[in-house]
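Working notes, structure below.
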Amino acid sequence: MSFRTFAACAASLLALSTAHAAEPLKTSALSLETGGAMPVEQQALAFDHADLKFKILPDRKAIEGEATLTFTAKSALKTLVLDFDRVFAISKLTVDGKALKPSDWTNPEGRMTIKLPKAVAKGKAVTVVVTYAGVPLEAKRAPWDGGFVWSKTETGEPWIATAVQGDGCDIFWPCIDYPMGEPKLVDLHITVPAPLVAPANGVFKGMTEKDGWRTYNWQTKNPNTYAIALDVGPYEELSATYKSRFGDTVPMAFWYLKGNAEKAKGLFAEFTPMLDFYEQMIGPYPFRDEKMGVVETPHLGMEHQTINAYGNKYKKEIYGFDWLLQHEFAHEWFGNQLTNTDNDDMWLHEGYGSYMQPLMSQWLHGDMEYMARLNKMRVDSKNKFPIVSGKQLKEDDVYNGDRGPGNDIYYKAANMLHTLRQLLGDETFFKITRIAVYGTPDPKPGNFQPHYLGTKDYIKIVNQVTGKDYGWFFDVYLYEAALPDLVQTREGGDLVLKWKTPKDKPFPLPVEVKVGDKLVTVSMADGTGRVAVGDTAPVIVDPASKILRRQPYLEEYQVWNKAQEDAAKAEAEAKKKAEAEKK
């Protein structure tokens, strides 16, 4: 090879290398995950305060940020580990006011490790400031695939939102991306092009405007990390005050797109009865000293504490209230006040949150709509994976129905709660629920704190309240995929009942049988029971549909329905392919 040829090759390789080095980094698989086993370095941190500054640059789909994070060491620290998407360029990083060199931190895969200038003793505080900028992950299909939504209104104005439950807070700010990583206090400063509006979590602390930019300031306490949200648009606001059944008041606010005033007023009218329902059935609204807030978004919805995202387009329903608004608001109790200790316990958020829709239907209109909604959920349950695995899980391992429970944490769990309520009675069931949510059976404004809970903790509450061991109930419904099967046979004039469960687990759930016009309760103490029926007709097992159990006719329907859906999908794909070939 000649020197000239060698030099040309070297220059070419250098150019390729330089071009490759200049390519922006993509969000790593680690950043796209949330939850799982928390690193020991993060377990050693108590998250005291996050002061977050964001400048939103719609034209570039970019942000500039500065995060001031204060922690208290639970044990001696030599390094600080934060979750933070590597797509952002860090221009400055300080620890307790001391600027660090770039060599003092690494972030190859979205888990930033910072070498502290000096060890932090147990019980001492440390403050890190991260100044950064970049193009955050753009959501492909929010809220299911998380990230930023860069949209525009019909009149062409920027309409922006974040939805990061599935991917985590590290998508746009350095944080601890685990359920137990909540900061005690968060200050938000959101700078947007004027005249756009930026509602956010917590209490409004004022807005300043300078040189064509507006900065909105907010403060909130104890938010789930994924619940911290950015929402920007040409918003107008509806506000009112809710007079609580506890004798105080709660501010309510709804930020809606300019031009949607009449539809917004109709939805806003649902706020007061919805709040009253939750306060009567569950207990005090947990964030009454901040607000009940909702914002219209370009994606379907998400439970962002005190600023719930709403994108259901004001659809009318046969049940007389907006299911999406009601479901996301349920998470103020089941998700934001009660927070699961691990993603494996997500049914505590989603199962209870889903049960609130049939429960509100019953509260408003009676049993028919309550049962109708539960039945639809029962039909849509898959029963392929246990609701709870018993091990620490990443979020996607729970919500992805191909390898985890998926929608069963919503629908199957809601029907399980219905069965538990029928078994224990309303007084006991709602007492258990209040203790689970507030940590006390008698919650009142000001007498409770945010509450972490796992599945085992919930079962312990059930046992303590009832004075009995109901582990068998949850062992089958939560820790097994298949539903309990009530096998029915005839022996002479007797109807013989037997519970069949996975691994022959005990399941002494009583069963009601209607024999003619007489209702008989069969105790099933050892999982079996019998009732004399003779030639009486009709004989109906579980006539009030109190029990979630296997129903072969539903399984047959589910197989048929899936075949219809698959055939329709194949036909649509074939049609699309044929049309493409014509072009």
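Predicted model only: the values in this text are computed from it and were never measured.
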How far apart are the closest heavy atoms of [X] and [Y], and which atoms are they?
X: G404; Y: F385; value: O-CD1, 3.2 Å
X: N312; Y: W323; value: ND2-NE1, 3.9 Å
X: I228; Y: T162; value: O-OG1, 4.3 Å
X: A229; Y: A200; value: O-CB, 4.2 Å
X: A309; Y: T297; value: CB-CG2, 3.6 Å
X: E332; Y: H304; value: OE2-O, 4.4 Å

### Message
Go through it in stages, so that I can follow the logic: the residues are D475 and K505, the test is salt bridge (charged side-chain N to carboxylate O under 4.0 Å, His left out), and I'd like the CA-CA distance, side-chain angles, deciding distance and then a yes or no.
### Response
CA-CA 8 Å; D475 203 23; K505 289 184 174 181; 3.2 Å; yes
Any salt bridge linking [X] with [Y]? Criterion: basic side-chain nitrogen under 4.0 Å from a carboxylate oxygen.
X: K140; Y: D145; result: no
X: D322; Y: K315; result: no
X: E573; Y: K576; result: no
X: D494; Y: R490; result: no
X: D380; Y: R378; result: no

Can you find a heavy atom in the side chain of [X] that is under 4.5 Å from one in the side chain of [Y]?
X: I282; Y: M356; result: yes
X: R421; Y: D426; result: yes
X: L424; Y: Y470; result: yes
X: V541; Y: R549; result: yes
X: L267; Y: F254; result: yes
X: D276; Y: Y242; result: yes
X: Y226; Y: E395; result: no
X: V539; Y: V513; result: yes

Can you confirm whether [X] is buried at [atom1], in the sense that more than 12 heavy atoms of other residues, nucleotides or ligands lie under 6.0 Å from that atom?
X: D517; atom1: CG; result: no
X: K291; atom1: NZ; result: yes
X: E317; atom1: CD; result: yes

Quick check for you: to the nearest 0.5 Å, what is the distance between [X] atom [atom1] and [Y] atom [atom2]?
X: Q42; Y: F47; atom1: CD; atom2: CZ; answer: 10.0 Å
X: Q43; Y: K74; atom1: CD; atom2: NZ; answer: 8.0 Å
X: M292; Y: T241; atom1: CE; atom2: OG1; answer: 13.0 Å
X: Q326; Y: Q357; atom1: CD; atom2: CD; answer: 4.5 Å
X: T440; Y: K431; atom1: OG1; atom2: NZ; answer: 9.5 Å
X: M377; Y: N415; atom1: CE; atom2: CG; answer: 7.5 Å

Answer yes if the ring centres of [X] and [Y] are under 6.0 angstrom apart, and no otherwise.
X: W347; Y: Y355; result: no
X: F271; Y: F268; result: yes
X: F329; Y: Y278; result: yes
X: H418; Y: Y370; result: yes
X: Y477; Y: F473; result: yes
X: F321; Y: F277; result: no

In Y285, F287, Y438, the residue satisfying ring-ring contact (aromatic ring centres under 6.0 Å, His included) with W333 is Y285
Checking R245, K243, R288 against E279 for salt bridge (charged side-chain N to carboxylate O under 4.0 Å, His left out), the one that qualifies is R288
Would you say [X]'s side chain and [Y]'s backbone share a donor-acceptor pair under 3.5 angstrom?
X: D345; Y: T455; value: yes
X: N447; Y: D442; value: yes
X: D231; Y: A161; value: no
X: N340; Y: G454; value: no
X: H299; Y: A163; value: no

Check: Can you check salt bridge (charged side-chain N to carboxylate O under 4.0 Å, His left out) on D289 and K221, steps first, answer last?
Finding: CA-CA 10 Å; D289 58 341; K221 292 177 286 188; 2.6 Å; yes
Can a side-chain donor-acceptor contact be found between [Y] and [X] if the only test is distance below 3.5 angstrom?
X: T339; Y: E182; answer: yes
X: D177; Y: T34; answer: yes
X: N222; Y: Q449; answer: no
X: Y410; Y: E350; answer: yes
X: Y352; Y: T433; answer: yes
X: D367; Y: Q362; answer: yes
X: S381; Y: N383; answer: no

inquiry  = side chain to side chain contact (heavy atoms under 4.5 Å, CB included) for D397 and N343? Distances and angles first, verdict last.
reply    = CA-CA 9 Å; D397 292 327; N343 290 310; over 6 Å; no
The single option from Q558, E565, Q564 that satisfies side chain to side chain donor-acceptor pair (under 3.5 Å) with N561 is E565
In Y314, Y256, W255, the residue satisfying side chain to side chain donor-acceptor pair (under 3.5 Å) with E296 is Y314
Self-check item: Worked check of side chain to side chain contact (heavy atoms under 4.5 Å, CB included) between Y411 and K376
Solution: CA-CA 9 Å; Y411 305 146; K376 181 64 170 67; over 6 Å; no
* Asked: Does the pair R530 and V522 meet the rule for a side chain to side chain contact (heavy atoms under 4.5 Å, CB included), with working shown?
  -> CA-CA 7 Å; R530 66 174 60 220; V522 185; over 6 Å; no
Applying side chain to side chain contact (heavy atoms under 4.5 Å, CB included), run through I176 and T225 and close with a yes or a no. CA-CA 8 Å; I176 299 177; T225 49; 5.7 Å; no
